[in-house]
Amino acid sequence: MWRNILGRASLRKVKFLSDSSSSGTHFPVNRVRGILSSVNLSGVRNGLSINPVNEMGGLSSFRHGQCYVFEGYATAAQAIDSTDPEDESSGSDEVNELITEMEKETERIRKKARLAAIPPKRVIAGMGAQKFYMLKQRQVKMETEEWERAARECREILADMCEQKLAPNLPYMKSLFLGWFEPVRNAIQDDLDTFKIKKGKIPYAPFMEQLPADKMAVITMHKMMGLLMTNAEGVGIVKLVNAATQIGEAVEQEVRINSFLQKKNKKNATDKTINTEAVHASEEIVAKETEKARKQVTVLMEKNKLRQVKALVRKHDSFKPWGQEAQVKVGARLIQLLMENAYIQPPAEQFDDGPPDIRPAFKQNFRTVTLENTKTSRRYGCIECDPLVLKGLDKSARHMVIPYLPMLIPPQNWTGYDQGAHFFLPSYVMRTHGAKQQRTVMKRTPKEQLEPVYEALDTLGNTKWKINKKVLSLVDRIWANGGRIGGLVDREDVPIPEEPEREDQEKFKNWRWESKKAIKQNNERHSQRCDIELKLEVARKMKDEEGFYYPHNVDFRGRAYPIHPYLNHLGSDLCRGILEFCEGKPLGKSGLRWLKIHIANLYAGGVDKLAYEDRIAFTESHLEDIFDSSDRPLEGKRWWLNAEDPFQCLAACINLSEALRSPFPEAAISHIPIHQDGSCNGLQHYAALGRDKLGADAVNLVTGEKPADVYTEIAARVLKIMQQDAEEDPETFPNATYAKLMLDQVDRKLVKQTVMTSVYGVTYSGARDQIKKRLKERGTFEDDSLTFHASCYAAKITLKALEEMFEAARAIKSWFGDCAKIIASENNAVCWTTPLGLPVVQPYRKPGRHLVKTTLQVLTLSRETDKVMARRQMTAFAPNFIHSLDGSHMMMTAVACNRAGLSFAGVHDSFWTHACDVDIMNTVLREKFVELYEKPILENLLESFQKSFPDISFPPLPERGDFDLRKVLESTYFFN
């Protein structure tokens, strides 16, 4: 229509009028054509599938209830006044007709526009667009403003104290933070002021100058307390090099964010024309204008377009990484200032008449450790906190900044080595732990090759979780009353015995032994209390959220882990009991059955080894106990506490009770993840690799009336061998003595850990230590020497029984070891590619030493060298390769379940979904296992070795059996 109208006016000139004047400027009709052609009529013709407002260059924006208008005019017709005065007589009729037809066409567009004026409700990540962007804003604040918030809180409390001349009633740890904040901040500020005078003379100055003193003070205090709670050296002590590195890293990370936001704020101050109302501009338009980087970043930050912001920061920001040496120097200086300015004193009531005992809260010490399997020792510096600080550590989690909390919206999809997951916090798709070769290989791997891994990690990260408030409330009650229930540690310390008189040497010797044991026990309790407090604090932070997400990445072998370290589904029974799927689904008949099986599995104690129908019968026979556990978990019979996984069992009891009490149990909604676990999964992978019939039978690759229990079978074999040895003459066969002593000790529990870890390369000494630990727990022998020798014998027999039962696995393990030995002997790291395309490089290299002089001491940084650790490369290859296969199986299952519409979570060899979807997941995981092992995995591995190391001759592949893999599809208890 428009084209016809314009065509008929092609020989005329039209006059456009402004709002304020009746006089106009003459434009040729081509100008009209240009303006009108900017209206995308295809959107109108197609039911306005594209909002025409967004497509009109010459039209103003409109709101509901208003019509389309030309910029500055009421209608298109009003924009045309008359023809050229010189030609008025000859063209007036044609122009009038033109105006009439344009008015009709404009009215038609108005009607269409009114229908399109209410935009369809956009749904993002299962929620409305407005809600999504609100949560996105909160997520960005969580990632970028936590340190600023903590610093601001300290400043505000201090200002309030000065104004009111009163000390606020604060929790113990918060009062310590507040007392340290001002002197530490002032000391850092003094350093910053000194840097201006001594420019270029202090090596760490250029780095510290990039962040305000108050932020550095807060980061140093919070990171130090966090490290003292969670490090490997024990609670209350941390290696100086570790503390310096992590504090330096945290400062650098904040500098990167802070410098970027400062540039953005400066730009905002000068650019007053930003359209802040256009919150959700089109991503395509933004992408096309990336050459205006800084201006775009400003606009995008206003609009929460975070993915584009992150890309632009990488592309255009001039920030250069500091490097580990600079991090350590900054961290060491900040620790020094903390030690010099953070003091503590006992409560006033502990003073006598003397002056108050004011002492440093932290001190530097040195420790000497003997290196494992060597006679050499090494001395290292460490930071220890005062006992008064240590006393409050397990209560400090709620006052600390906890980074990498679960995300409020789905994580960004992975698109590269460091592109994905969090918006601003550094996120890496693989945990390389400084292994340079692995990092380089990952960065060079084509994105297309890694796409299956990225998709699997995105799937795991998009599973939405929430806090089970009923279980959390109960845990909080137990914890507030001192713990000691459901596996929670006692919140009270073991009393230290009083020192006796030194005259009685025997008593004094016993006292020293008992004191040492009590101190060790208290340290362990303290560590566990800190761990529980961190988990509960995260749960409290997230409990009022509708849902949250765990971004995942992989270790170097390809096993997936949540990035958040404390409260996640890979954690303890406490974590798993507190967490549940956000989405609820009706149980259905199948789901009700699986929920009952799940309770039996969690109760364990042998019940989980029964046939499914017997597990259901067990649950149904304990319905009274289940109802009592649900209604009165602490006041009732406490049946749930007898379970092996008590908090998960309680959560399932509550769910089943609610379902059975409802009018329609099968319609009851369930959020509980139901687990399907592999049967000694490592041996399942070996049996599939070797097509081993005997091994397949032992680990449920074939169906049976009830699940086969490999641990019981190995225990039976061990007992049979020991019975034969016990009949020998001790004089000619010394082990006969130990065989007789061990006959009453052999059971499933004694051999379980050794069988489990055999597939992951447990050595003879490792097996011996495992069995020795079991015997000590039972108090079998009083004599330590007898315990040691009996453990040696039992370990040897257990490994012998394993080799007999899993001959194919032993042959494959030997082949793995031979190949790795040959590769490592040429000073090469063993490397391979997983079935999903993930490149793996074993990181075991001899560490080099790089000395860095800091203000505290000379620190030794570990640096990767070119020399591989040949023995470690060899012994680790078999377990690492099997881990890469079980990781591949889990990822393949995750993606397939997601495509089938299931919620999915995975813990290595334990796959979780809703009760109503377990049957579907069981089918999928079996199909994916068969699909995985129908590939020529060992052949591909050998071929990759030969291609990577053409000058090396490798041994031939081991012989394999003729087990039919497709029997796995029919195996009821393969995963159960």
Side-chain angles (χ1 to χ4, degrees), residues 124-125 132 136 139-140 142-144 249 252-257 259-261 264 283-284 286-291 293-294 296-297 300-301 303-322 403-463 549-556 558-564 834 836-841 891 894-895:
I124 306 174
F132 175 83
K136 202 171 188 181
Q139 179 63 39
V140 173
M142 281 170 57
E143 293 187 24
T144 61
E249 280 179 359
E252 180 189 7
Q253 181 180 313
E254 186 64 16
V255 165
R256 180 184 287 273
I257 293 170
S259 64
F260 182 68
L261 294 180
K264 174 239 175 194
E283 292 185 7
E284 288 78 14
V286 171
K288 288 176 184 176
E289 297 176 353
T290 53
E291 68 277 3
R294 194 57 62 188
Q296 277 196 337
V297 164
L300 290 169
M301 286 295 291
K303 299 177 182 178
N304 293 319
K305 306 302 289 185
L306 302 171
R307 185 175 298 177
Q308 293 94 317
V309 169
K310 196 170 182 181
L312 287 172
V313 170
R314 282 200 188 93
K315 188 174 180 180
H316 298 283
D317 198 12
S318 58
F319 188 90
K320 296 288 187 292
W322 288 3
Y404 291 97
L405 284 170
M407 294 183 69
L408 303 178
I409 57 174
Q412 293 185 107
N413 287 345
W414 287 105
T415 57
Y417 173 72
D418 57 353
Q419 297 169 29
H422 289 275
F423 293 107
F424 283 94
L425 294 175
S427 304
Y428 304 97
V429 76
M430 180 179 278
R431 306 174 181 205
T432 60
H433 299 292
K436 189 176 178 182
Q437 189 181 357
Q438 177 72 77
R439 187 169 62 248
T440 303
V441 168
M442 277 295 294
K443 288 182 176 180
R444 289 177 179 172
T445 304
K447 181 183 174 184
E448 296 73 27
Q449 181 180 324
L450 292 172
E451 211 48 68
V453 176
Y454 291 161
E455 185 181 2
L457 291 175
D458 295 340
T459 297
L460 295 168
N462 283 324
T463 298
Y549 304 83
Y550 288 107
H552 282 61
N553 60 7
V554 293
D555 65 9
F556 78 92
R559 276 188 152 191
Y561 296 84
I563 293 176
H564 171 74
T834 72
L836 290 188
L838 185 76
V840 178
V841 180
M891 289 185 177
V895 171

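Everything quoted here is computed from the prediction, not taken from an experiment. In this chain, residues are counted from 1 in sequence order.
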* Could you go through the side-chain contact (heavy atoms from CB on, under 4.5 Å) check for Leu838 and Met442 one step at a time? => CA-CA 8 Å; Leu838 185 76; Met442 277 295 294; 3.8 Å; yes
* **Step-by-step side-chain contact (heavy atoms from CB on, under 4.5 Å) determination, Trp414 to Asp458** => CA-CA 7 Å; Trp414 287 105; Asp458 295 340; 3.5 Å; yes
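Within the 4.5 Å cutoff, the side chain of Pro411 has heavy atoms near those of the Asn462 side chain. Side-chain contact between Phe424 and Val140 is present, with heavy atoms from C-beta onward closer than 4.5 Å.
For the atom pair CG of Leu408 and CD of Gln139, the computed distance is 5.0 Å after rounding to the nearest 0.5 Å. Taken from CD in Glu143 to CE in Met407, the straight-line distance is 5.5 Å, to the nearest 0.5 Å. For the atom pair OG1 of Thr144 and CD1 of Ile257, the computed distance is 6.5 Å after rounding to the nearest 0.5 Å. Summarising the geometry, atom OG1 belonging to Thr432 is positioned 11.0 Å from atom CZ belonging to Phe556; distances are rounded to the nearest 0.5 Å. Here Leu405 contributes atom CG and Tyr550 contributes atom OH; the two are 9.5 Å apart, rounded to the nearest 0.5 Å. We find the OH-CZ distance between Tyr428 and Arg439 to be 9.0 Å, quoted to the nearest 0.5 Å.
Side-chain atoms of Gln438 come within 3.5 Å of backbone N or O of Pro839 as a donor-acceptor pair.
Between Ala456 and Val895, the closest heavy-atom pair is CA-CG2, 3.6 Å. Across Glu252 and Trp322, no two heavy atoms sit closer than the pair OE2-N, 2.9 Å. Nearest approach of Asn553 to Arg431, heavy atoms of both residues: OD1-NE, 2.8 Å. Considering all non-hydrogen atoms of both residues, Arg256 and Pro321 come closest at NH2-CG, 4.4 Å. Contact between Leu457 and Met891 at its shortest, heavy atoms only, is CD2-CE, 4.1 Å. Here the closest non-hydrogen pair linking Lys136 and Ile409 is CG-CD1, 3.5 Å.
If you check the side chains of Gln253 and Glu249, you find no donor sitting under 3.5 Å from an acceptor.
Between His422 and Tyr404, the angle of the ring planes goes over 60°, which puts this pair in the perpendicular group of the 30/60° scheme.
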